[in-house]
There are 2 protein chains.
Amino acid sequence: MEIEAATVSKGRPREFCVDAALAAALRVFWSKGYEGASMADLTEAMGITKPSLYAAFGNKEALFNKALDLYEREKTDYMRAALDAPTARGVAERLMYGALDMYSCPENPNGCLGVINSVACGAEAECIREAVVARSAAAKQAMLERFTRAKNEGDFPDDVDPAGLAAFLTAMNQGMAVQAGAGATRAELERLVETGLKLWPGR
Amino acid sequence: MEIEAATVSKGRPREFCVDAALAAALRVFWSKGYEGASMADLTEAMGITKPSLYAAFGNKEALFNKALDLYEREKTDYMRAALDAPTARGVAERLMYGALDMYSCPENPNGCLGVINSVACGAEAECIREAVVARSAAAKQAMLERFTRAKNEGDFPDDVDPAGLAAFLTAMNQGMAVQAGAGATRAELERLVETGLKLWPGR
DNA sequence: CAATTTATATACCACCCGTTATGGAAATCG
DNA sequence: CGATTTCCATAACGGGTGGTATATAAATTG
């Protein structure tokens with residue numbers, strides 16, 4: 001009985017690091033979108049050849065989905081953490097400033113991987129769109145639940161709608177992504193965030 | 001001296017209506033984006049052949065720019081009209097409800113032509129991106145001037161930033177476009193608009 | 001040292017892209 | 001009518017696409 005199977009492979013070991021290659025692929029998808037990223041773009045950025053890519057990741061779609069997993073795990077984790085803030089305003093602050101940091105980090109490509117690929121073009125990439133939209137919907141749903149709880153806790157007035165606020169924060173995030181993708185500076189995005197928080201209900 | 005030159009052409013007249021063909025092309029670009037729309041898609045929707053398209057419109061890029069002109073002229077004219085509202089709140093109402101109507105009109109493709117192509121993929125479409133981003137920036141600038149005037153007229157408190165509000169409305173519009181493109185219903189978008197207006201300063 | 005297993009490298013596949021050359025049809029002008 | 005001009009249809013162009021077959025190199029297992 002083997003506790004850990006195949007920790008040492010039989011044949012020739014691969015010469016590249018799968019994680020590093022995936023991180024490079026993520027950057028390409030993030031910059032160009034699924035359809036805009038060609039296999040040549042990917043292999044060049046990843047530093048491997050096409051057969052190696054196919055052997056390690058399956059195909060372009062499977063590679064994208066793994067990159068999307070990595071993106072959620074490393075880049076949008078602030079969203080999950082934001083929901084733990086004690087007040088609804090705290091949630092909004094963490095979400096907006098988290099987005100601001102991410103979209104204005106010079107090491108990241110401009111914009112949002114999810115937004116780029118949810119408005120993506122072709123019909124062949126429909127499953128890609130669906131995967132991305134599903135994750136966005138899940139994030140919105142988590143916000144909705146958090147704000148419903150907040151309303152019960154008296155975090156904001158009776159006339160505000162938790163679903164509306166969730167949609168609002170989602171729209172702010174998407175708007176920031178689009179403006180960042182269009183080349184907005186950090187200062188401009190900061191202004192947007194501060195305005196959004198000034199408008200946020202309650203304190 | 002000819003008042004109107006070339007109203008009657010010398011050779012064989014074309015068998016299709018240029019305006020109708022351009023409208024059809026706009027729908028294709030609006031649905032699939034610049035790069036996602038192939039010449040085959042376009043010619044099929046327009047009901048003409050490729051040589052006819054090239055003779056009448058130049059090339060794909062020129063066709064897109066003419067479609068973009070048509071889009072601004074017919075679909076986003078509500079933005080220009082919105083700025084004439086007497087109060088800043090009226091401007092925001094007209095902008096948001098105008099966007100709502102446009103994005104939830106069943107005759108229109110989902111989403112926003114500008115947003116789709118400002119996050120567009122490839123490097124070859126850079127000039128397309130620039131054209132679209134320039135128009136978006138112009139719209140934002142017009143909002144800024146209107147809100148600066150509104151602030152002087154006392155339309156909202158001293159601590160709100162006209163530039164921030166312009167960015168805010170732009171973000172709301174972009175967020176609505178992304179969510180509409182992802183399949184949001186009119187009711188969902190309505191909720192977003194009503195929340196946005198509830199948060200709007202003043203009144 | 002074989003034998004085996006796996007990774008890499010080169011080249012290639014059929015297909016689709018935007019664009020254009022070619023050949024014939026249909027209209028106006030002299 | 002003949003000449004000319006313009007439009008339409010077919011088909012082809014070079015180049016790029018995602019994906020793969022083949023052959024060689026490098027490692028482990030006996």
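Side-chain atoms are counted along with the backbone in the values below, which use heavy atoms only and exclude waters and symmetry mates. Below, chains carry the letters A, B, ... as their sequence lines are ordered, and counting in each starts from 1.
- Across the protein-nucleic acid pair, B:Tyr54 atom OH and D:dA9 atom P stand 17 Å apart, rounded to whole Å.
- If you take CE of B:Met39 and P of D:dT10, they are 17 Å apart, rounded to a whole angstrom.
- Here the C1' atom of nucleotide C:dT20 and the CG atom of B:Asn59 are 12 Å apart, to the nearest Å.
- Ion pairing between a basic and an acidic side chain is recognised when a charged N comes within 4.0 Å of a carboxylate O; A:Lys66 and A:Asp69 show no such pairing.
- If you take CZ of A:Phe16 and C1' of C:dA7, they are 9 Å apart, rounded to a whole angstrom.
- Side-chain atoms of B:Asn173 and B:Thr170 form no donor-acceptor pair, as typed in the model, at a separation below 3.5 Å.
- With respect to the salt-bridge test (charged N to carboxylate O, under 4.0 angstrom), the residues A:Asp84 and A:Arg146 do not qualify.
- Using a cutoff of 4.0 Å between basic side-chain nitrogens and carboxylate oxygens, B:Glu126 and B:Arg129 are scored as salt-bridged.
- The distance between atom NZ of B:Lys50 and atom C1' of C:dC17, rounded to the nearest whole Å, is 8 Å.
- In this structure, the nucleotide among C:dT8, D:dC8, D:dT10 sitting nearest to the side chain of B:Pro51 is D:dT10.
- In this model, the phosphate group of D:dA25 is not approached by any side-chain N or O of A:Arg12 to a distance below 4.0 Å at OP1 or OP2.
- The A:Ser52 side chain lies nearest to C:dT8 when the options are D:dT20, C:dT8, D:dC7.
- For D:dC8, the OP1/OP2 oxygens have no side-chain nitrogen or oxygen of B:Thr49 closer than 4.0 Å.
- The distance between atom CZ of B:Phe57 and atom P of C:dG18, rounded to the nearest whole Å, is 16 Å.
- Between B:Glu15 and B:Lys60, the one whose closest nucleotide on DNA chain C sits nearer the 5' end is B:Lys60.
- Rounded to an integer number of Å, the gap from B:Glu44 CD to C:dC16 P is 14 Å.
- The distance from atom CD of A:Glu35 to atom P of C:dC16 is 14 Å, rounded to the nearest whole Å.
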